[in-house]
Trainee: 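Sharing a structure with you now.
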Amino acid sequence: MSLVSLFFVVVREILVILCRKSTIANMSIHRSEQELVRIQALEQLRNMGIEPFPAAEFKATHKAKDLLKDFKDEQEVVLAGRLMSVRVMGKASFAELLDSSGRMQIYINRDEICPGEDKELYNTVFKKLLDFGDFIGVEGTTFTTKTGEPSILVKKLSVLGKSIRPLPVVKTDDQGKVYDKFSDPELRYRMRYVDLIVNEHVKSTFIARSKVMQSMRNFFNEQEYLEVETPILQPIPGGASARPFITHHNALDVPLYLRIANELYLKRLLVGGFEGVYEFAKDFRNEGMDRTHNPEFTVMEIYVAYKDYNWMMDFTEEMIERVCMELHGQTKVKVGEKEINFQRPFKRITMIDSIKEFTGFDISGMNEEQLREVCKSLNIEVEPSMGKGKLIDEIFGEKCEGNYIQPTFITDYPKEMSPLCKEHRTNPELTERFELMVNGKELANAYSELNDPLDQRARFEEQLKLNERGDDEAMFIDQDFIRALEYGMPPASGMGIGIDRLVMLLTNNDSIQEVLFFPQMRPEKFGEKKVELNENEQLIVNTLKKEGTMMLNELKDACGLSNKQWDKGIKALGKLGLTQVEKTEDALLVHYKGE
RNA sequence: GAUCCUGUAGCUCAGCUGGUAGAGCAUAUCACUUUUAAUGAUAGGGUCCUGGGUUCGAGCCCCAGCGGGAUCACCA
């Protein structure tokens, strides 16, 4: 070992000890041994004139994936990424470089990166001061090792960014078996940045999510529909029935709601003369969270003038089939144990026929009383607040919905539960509405949009009555929206599709948390850990302070604490260096060491 | 909101009937110029989620709380 590196080792040991002591003294942040070592390495890099967080641009010429795809030896390349899985073998080392596209093996040879007499860059910087997880840049030539692994022979090594927290070390053997997997859901969701680094498939889920949205966008733009943005802060939360989040605008001194839907605003744009508008919208609903619900979620809504819900079914099929083809190159998708085929055309069935099929009851033309009887005989629990529409929805939800694994359009919903939807052209009890069911769950929802302002006002008033009956999710009346309809809205069809659920299906994830970068969680507590003595510790200190030194038994008795409280207190004080217990021949003495 | 499971080293997890907190990886030191879960040797590393209780003694038993997960309920 050279004198220089010996010097560094000694300095580091001293600094680590000092650092740990001062940490205990001010107790501000608890750092593990590994973190302290890394912070010292960072300081040493600076002392050697190497900036651990350089500002300058680093020009990489390649990405790992592109290089591996068409790998040739003897190429001059520059790569940047994270240093992963370092394997040092004396004067030569292998490691992996992880960039946004994937991993590439690098080969670092002492005499290649340190051609002169000075071997510091290899012996000290690379071997001692660089850690798993640091950002580095490498310049060198490609070659294939004798075990056949495509690699880069590194000629130049640059430090691009130090990491002071160690990543979880996840290892995979040649059979693909994963060791020490980073799998705790809490840690994965709270620290998604770590999850994305060490769990490769997580990144691919989010890339798929982006591709799905891009395919849809292309599909709409090709037909010259316009992507728009509408308010998220709304004075009246309309367009759906759900409990909203409420906030307050100071300057106007009015309450505002985070939108639960954007439907009413997109329709205003049809009134304004656009013939096709769409929005990828974050909506917010103040309701329970579970595997398929997050308080904020993404919906794509599209409205096209002069179309009806039949046209929209064709359009929806085509869109989903295309999205699936562009993502997977085929229409079949594995979802859990099932295989779902998004090939057109999807099955279509009316809600009444579906209920007939799965329950044997023909509910067409039934009144509320008769529907209650049906629910009773099917053992479905109902509440007095439920109207006709809600009762039918209960029956469908309980007995039918879950059966539709393959994509199926359920059509012609009862009028009462669809206040924004046009009455059915042949049956005034029904509406021109469909929902797309996949894997037993609703994926999309569409109407021939109601554009009769007088009918719309009447439907809203119906909702108000339901509200008075105790349905706290019935809709409010948006007077401005009705005024817009009164100026005339072209006949149109609109459709909304849950992006999170679509992505779950297409990426075979059964939890919405897996397709959201940052799913909602209870806020983490970052407790400031100060040396505030608790009551018991304070009592011991105060008692001991007067005497300076006491017999252990006397001190304990004087404090009057239970065994456990005493034990905890005296241990904690010892750790903080405030007391010291000395064993003499015939007794235990406690010395006070504080100021 | 209900029930069940869970919380131990940086990570993944053991921990017996209640009796001195363990392993692998990671870290540190040494060796090693084609390795790939690199290898060999040595060493250090802990608020056993928190607070009470029982006990001579609690990671383990009891009570209360906190975090997370699963199932159910709620939910267009």
Side-chain angles (χ1 to χ4, degrees), chain A residues 1 5-6 9 12-13 16 20 30-38 40-41 84-96 103 105-112 122 128 131-133 143-149 151 153 165-190 194 198 239-243 260-261 285-293 381 389-390 393-394 396-397 401 413 417-421 433 435 442 445 473-475 496 511 513 521-525 527 529 534 562-565 567-568 571-572 575:
Chain A
M1 191 198 281
S5 49
L6 180 66
V9 169
R12 179 189 310 166
E13 288 301 319
V16 166
R20 194 176 298 154
H30 174 78
R31 293 213 177 270
S32 68
E33 183 192 16
Q34 289 186 52
E35 288 169 341
L36 297 175
V37 167
R38 284 174 177 230
Q40 290 317 313
M84 309 288 275
S85 148
V86 186
R87 299 181 288 280
V88 179
M89 291 161 302
K91 298 178 186 67
S93 305
F94 286 92
E96 277 171 350
R103 285 168 185 249
Q105 177 166 274
I106 59 175
Y107 174 65
I108 298 175
N109 184 301
R110 187 192 68 182
D111 296 332
E112 292 285 346
Y122 182 80
K128 305 238 180 275
D131 291 291
F132 173 60
F143 76 108
T144 306
T145 64
K146 69 181 183 190
T147 54
E149 181 82 19
S151 309
L153 173 62
R165 236 178 234 269
L167 288 167
V169 185
V170 180
K171 294 192 172 183
T172 311
D173 68 15
D174 47 11
Q175 268 102 51
K177 190 169 175 210
V178 181
Y179 297 82
D180 300 334
K181 189 145 66 173
F182 181 63
S183 58
D184 183 325
E186 176 174 6
L187 294 177
R188 286 186 50 229
Y189 301 151
R190 286 197 197 278
V194 173
V198 302
S241 339
R243 269 183 285 272
I260 55 174
R285 297 188 181 176
N286 203 343
E287 281 163 3
M289 295 162 57
D290 60 30
R291 228 175 52 249
T292 56
H293 296 85
E381 274 184 46
K390 199 107 185 169
D393 190 42
E394 281 298 310
F396 180 78
E401 194 174 76
Y413 280 59
M417 56 188 292
S418 313
L420 299 167
C421 183
R433 172 181 184 175
E435 283 194 359
E442 175 197 344
N445 180 22
E473 287 183 346
M475 296 185 190
S511 161
Q513 299 177 103
M521 297 192 95
R522 192 176 291 278
E524 198 172 354
K525 280 187 201 134
K529 280 169 189 161
N534 69 24
S562 74
N563 285 335
K564 178 130 183 176
Q565 287 170 328
D567 192 54
K568 281 220 165 183
K571 271 183 188 164
K575 240 180 188 174

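Throughout, a chain's letter reflects where its sequence line sits, starting with A, and its residues are numbered from 1.
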Trainee: When the P atoms of B:rC74 and B:rG1 are considered, how many whole Å apart are they?
Mentor: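 Result for the P pair: 16 Å, nearest Å.
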Trainee: Taking only the P atom of each, what is the distance from B:rU35 to B:rA28 in whole angstrom?
Mentor: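 Going atom to atom, P in each nucleotide, I get 24 Å.
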Trainee: Donor-acceptor check, side chain of A:Q40 to backbone of A:V37, threshold 3.5 angstrom: yes or no?
Mentor: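 Side chain of A:Q40 to backbone of A:V37: no pair is present.
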Trainee: Between A:Y413 and A:E435, is there a side-chain donor-acceptor contact under 3.5 Å, judged purely by atom types and distance?
Mentor: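 Yes.
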Trainee: Could I get a table of every N or O pair under 3.5 Å where one atom is in the protein and the other is in nucleotides 25-27 of chain B?
Mentor:
| unit_1 | atom_1 | unit_2 | atom_2 | d |
| --- | --- | --- | --- | --- |
| B:rC25 | O3' | A:K171 | NZ | 3.0 |
| B:rA26 | OP1 | A:K171 | NZ | 2.9 |
| B:rA26 | O2' | A:Q34 | OE1 | 3.3 |
| B:rA26 | N3 | A:Q34 | NE2 | 3.1 |

Trainee: Kindly point out which of B:rU33, B:rA76, B:rU12 is positioned nearest to the side chain of A:A92?
Mentor: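 Taking heavy atoms from C-beta onward, the closest nucleotide is B:rU33.
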Trainee: Who pairs with A:Q513 by side-chain contact (heavy atoms from CB on, under 4.5 Å), at least two apart in sequence or on another chain?
Mentor: A:Y189, A:S511, A:P519
Trainee: Reckon A:K146 has a side-chain N or O less than 4.0 Å from the OP1 or OP2 of B:rU34?
Mentor: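 Negative; the distance criterion is not met.
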Trainee: With respect to the side chain of A:K128, which nucleotide from B:rA38, B:rA76, B:rU29 is positioned closest?
Mentor: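 Selected nucleotide: B:rU29.
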Trainee: So, does the side chain of A:T147 form a donor-acceptor pair with the base of B:rU36 at under 3.5 Å?
Mentor: yes
Trainee: In whole Å, measure the gap between the P atoms of B:rG57 and B:rA21 for me.
Mentor: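 Between the two P atoms, the distance is 16 Å.
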Trainee: Polar atom pairs between nucleotides 4-9 of chain B and protein, under 3.5 Å, N or O only, would you list them?
Mentor:
none

Trainee: Check whether A:S151 reaches the backbone of A:E149 with its side chain - one donor and one acceptor, N or O, closer than 3.5 Å.
Mentor: yes
Trainee: Report the residue (A:P168 or A:G288) whose heavy-atom-nearest nucleotide on RNA chain B is the more 5′ of the two.
Mentor: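 Its nearest nucleotide being more 5', the pick is A:P168.
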Trainee: With sequence neighbours excluded, tell me which residues meet side-chain contact (heavy atoms from CB on, under 4.5 Å) with A:M289.
Mentor: A:P295, A:Q520
Trainee: Any donor-acceptor pair under 3.5 Å between the side chain of A:E149 and the base of B:rU34?
Mentor: no
Trainee: Per the atom types in the model, does the base of B:rA76 pair as donor or acceptor with the side chain of A:S241 at under 3.5 Å?
Mentor: yes
Trainee: Please list, for nucleotides 68-72 of chain B, all pairs of protein and nucleotide N/O atoms separated by less than 3.5 Å.
Mentor:
| unit_1 | atom_1 | unit_2 | atom_2 | d |
| --- | --- | --- | --- | --- |
| B:rG68 | OP1 | A:R190 | NH2 | 3.2 |
| B:rG68 | OP1 | A:R522 | N | 3.2 |
| B:rG68 | O4' | A:E186 | OE1 | 3.1 |
| B:rG69 | OP1 | A:Q513 | OE1 | 3.3 |
| B:rU71 | OP1 | A:R291 | NH1 | 2.8 |
| B:rU71 | OP2 | A:R291 | NH1 | 3.1 |

Trainee: Hey, is the side chain of A:R87 poking within less than 4.0 Å of OP1 or OP2 on B:rA38, counting only N and O atoms?
Mentor: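 Looking at the OP1 and OP2 atoms of B:rA38, one of them is under 4.0 Å from a side-chain N or O of A:R87.
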Trainee: If the P atom of B:rC60 is compared with that of B:rA64, how far apart are they to the nearest Å?
Mentor: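 Comparing P positions in B:rC60 and B:rA64 gives a spacing of 16 Å.
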Trainee: Per the salt bridge (Lys or Arg N to Asp or Glu O under 4.0 Å) rule, what does the pair list look like for residues 170-186 of chain A, sequence neighbours excluded?
Mentor: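 The answer is A:E186-A:R190.
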Trainee: Is it true that a side-chain atom of A:E287 and a backbone atom of A:R243 form a donor plus acceptor pair closer than 3.5 Å?
Mentor: yes
Trainee: Specify the residue among A:R285 and A:G90 whose closest nucleotide of RNA chain B lies further upstream toward the 5′ end.
Mentor: A:G90
Trainee: Within less than 4.0 Å of OP1 or OP2 of B:rC11, is there a side-chain N or O belonging to A:K181?
Mentor: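 No.
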Trainee: Please report the distance separating the C1' of B:rG45 from the corresponding atom of B:rA26, rounded so that it comes out in whole Å.
Mentor: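 After rounding to an integer number of Å, I get 11 Å for this pair.
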Trainee: Quick check for you: among B:rU35, B:rC11, B:rC75, whose closest atom lies nearest to any side-chain atom of A:E287?
Mentor: B:rC75
Trainee: Is any side-chain N or O of A:S85 closer than 4.0 Å to OP1 or OP2 of B:rA38?
Mentor: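 For B:rA38, OP1/OP2 do have a side-chain N/O of A:S85 under 4.0 Å.
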